[in-house]
Undergrad: 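Take this structure first; my questions come after.
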Amino acid sequence: NWLLLGAIFTTLDIAPDAEVKDHCGSCRACLDVCPTNAFPAPYQLDARRCLAYLSIEHKGQIPLDFREALGNRIFGCDDCLAVCPWNKFAQASSLPDFDVRAGLVGQGMARLLVWTEEEFLRYTEGSPIRRIGHVRWLRNLAVAAGNALRQSDDAALRAALHVHLAHSSEVVREHVQWALAQDVREK
C-alpha cells in the first residue's frame, strides 16, 4: 500500500479496475498503531486526525491535541503503512525522486529551522516535500522542536526557534511560541 494517489482529468472512457479482494482479514495493525486514532473503523480514515494530512495538506494551525503525537515528524507519518504486513513485499523505488537527498539527510532540526526560503527550495527541488512550502515546513519543524524540547535542554534548538518569533506568518509564530513553551527548563 505504499503508493501516491493522483488524478487524471480526461474525456476518454477508461474501464474501471477490477474490484480488489480484501486481504486484511482480522488484521488491525494499522488501526492500532495510529498515534491519533484516525481510523474510526476499518477502511475509514478521519483526515482531521491524520498526522499525514495535518502535516502535509492542512494549511492552518495543527490542533493542540495532535502536536505531541506528531513527535519528530516533519512531513507525513506513515506509521499505518510501515506496520502493514503486506508491505514486506514492497520494493524500493527506482525513481531518483525518492532517493535520500543531500542537504536533507543528517541535518539537525536546529539547522533545518534556520533555512531561508531559498535554501528550502534548493534542497527540496524535485521532492514532494517542496509542495508544503516554507511556512508549513517551519510550522512542522516548530512542533517537532517543541516535542524535542520537552525531552532535553537544547540551546541550539531554542535559538533556531527564536529566529522565527517575529515571522510574517501568524501560523509560524504561534507554533514557535508553543514550541518554546514546551521547553523542559520551563517545567
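Here the structure is a predicted model, which is why all the values come from computation and not from measurement.
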Undergrad: Between Glu57 and Arg131, is there a salt bridge with N-O shorter than 4.0 Å?
TA: yes
Undergrad: For the hydrophobic clusters of this structure (ILVMFWY residues joined by side-chain heavy atoms under 4.5 Å, transitively), does one cluster hold both Val163 and Leu141?
TA: no
Undergrad: Could you walk me through whether Leu149 and Leu161 pass side chain to side chain contact (heavy atoms under 4.5 Å, CB included), step by step?
TA: CA-CA 11 Å; Leu149 287 175; Leu161 285 164; 3.6 Å; yes
Undergrad: Out of curiosity, Asn140 CG to Leu54 CG, how far, rounded to the nearest 0.5 Å?
TA: 9.5 Å
Undergrad: Between the side chain of Arg173 and the main-chain N/O of Ala166, is any donor-acceptor distance below 3.5 Å?
TA: no
Undergrad: Do Phe66 and Val143 make a side-chain contact, defined as non-hydrogen atoms from C-beta onward lying under 4.5 Å apart?
TA: no
Undergrad: Let me confirm one number: the SG-OH distance from Cys77 to Tyr53, rounded to the nearest 0.5 Å.
TA: 15.5 Å
Undergrad: Show the nearest heavy-atom pair for residues Leu31 and Pro42, with the distance to one decimal.
TA: CD2-N, 3.7 Å
Undergrad: For the pair Trp115 and Trp137, name the ring-plane relationship: parallel under 30°, tilted 30 to 60°, perpendicular over 60°.
TA: parallel
Undergrad: Would you name the heavy atoms of Asn37 and Arg49 that are closest together and state the gap between them?
TA: O-NE, 3.4 Å
Undergrad: Between CZ of Arg28 and SG of Cys34, what distance do you get to the nearest 0.5 Å?
TA: 11.5 Å
Undergrad: Would you name the heavy atoms of Leu70 and Ser55 that are closest together and state the gap between them?
TA: CD1-CB, 4.3 Å
Undergrad: Kindly give the heavy-atom pair with the smallest separation between Phe75 and Pro128, and that separation in Å.
TA: CZ-O, 3.6 Å
Undergrad: Treat each ILVMFWY residue as a node, draw an edge where side-chain heavy atoms are under 4.5 Å apart, and state whether Ile74 and Leu180 are in one component.
TA: yes
Undergrad: For Arg122, does the CZ atom have more than 12 heavy-atom neighbours from other residues, nucleotides or ligands under 6.0 Å away?
TA: yes
Undergrad: Calculate, to the nearest 0.5 Å, the distance between atoms CD and NE2 belonging to Glu170 and His175 respectively.
TA: 10.5 Å
Undergrad: Nearest 0.5 Å, please: how far is CD1 in Ile62 from CZ in Arg139?
TA: 4.0 Å
Undergrad: Set out, in order, the CA-CA distance, both residues' side-chain angles and the distance that settles side chain to side chain contact (heavy atoms under 4.5 Å, CB included) for Arg130 and Leu121, then state yes or no.
TA: CA-CA 7 Å; Arg130 187 182 227 189; Leu121 293 172; 3.2 Å; yes
Undergrad: Return the minimal non-hydrogen interatomic distance between Phe120 and Ile129, and the atom names on each side.
TA: CZ-O, 3.9 Å
Undergrad: Answer yes if Leu138 and Leu165 sit in the same cluster of Ile, Leu, Val, Met, Phe, Trp and Tyr residues linked by side chain heavy atoms under 4.5 Å apart, and no otherwise.
TA: yes
Undergrad: Is the count of non-hydrogen atoms from other residues, nucleotides or ligands lying under 6.0 Å from Gln107 atom CD greater than 12?
TA: yes
Undergrad: Could you walk me through whether Arg67 and Gln182 pass side chain to side chain contact (heavy atoms under 4.5 Å, CB included), step by step?
TA: CA-CA 11 Å; Arg67 292 183 189 181; Gln182 306 311 303; over 6 Å; no
Undergrad: Check the hydrophobic clustering (I, L, V, M, F, W, Y; side-chain heavy atoms under 4.5 Å; chains of links allowed) and say if Tyr123 and Val114 are grouped together.
TA: no
Undergrad: Hey, quick one: are Val135 and Ile56 part of the same hydrophobic cluster, counting side-chain heavy atoms closer than 4.5 Å, chains of contacts allowed?
TA: yes
Undergrad: Surrounding CD1 of Ile8 (heavy atoms of other residues, nucleotides or ligands, distance under 6.0 Å), is the total greater than 12?
TA: no
Undergrad: Give the minimum heavy-atom separation between Ala110 and Leu157, together with the two atoms involved.
TA: N-CD1, 3.7 Å
Undergrad: Determine, for Asp153 against Arg158, whether the closest basic-nitrogen to carboxylate-oxygen distance falls under 4.0 angstrom.
TA: yes
Undergrad: Nearest 0.5 Å please: distance from the CZ atom of Arg73 over to the CG atom of Leu51.
TA: 5.5 Å
Undergrad: Is it true that, when you exclude Glu119 itself, more than 12 heavy atoms of the residues, nucleotides or ligands shown sit nearer than 6.0 Å to its CD?
TA: yes
Undergrad: Between Ser152 and Asp154 (side chain of the first, backbone of the second, donor and acceptor by atom type, cut-off under 3.5 Å), is there such a pair?
TA: no
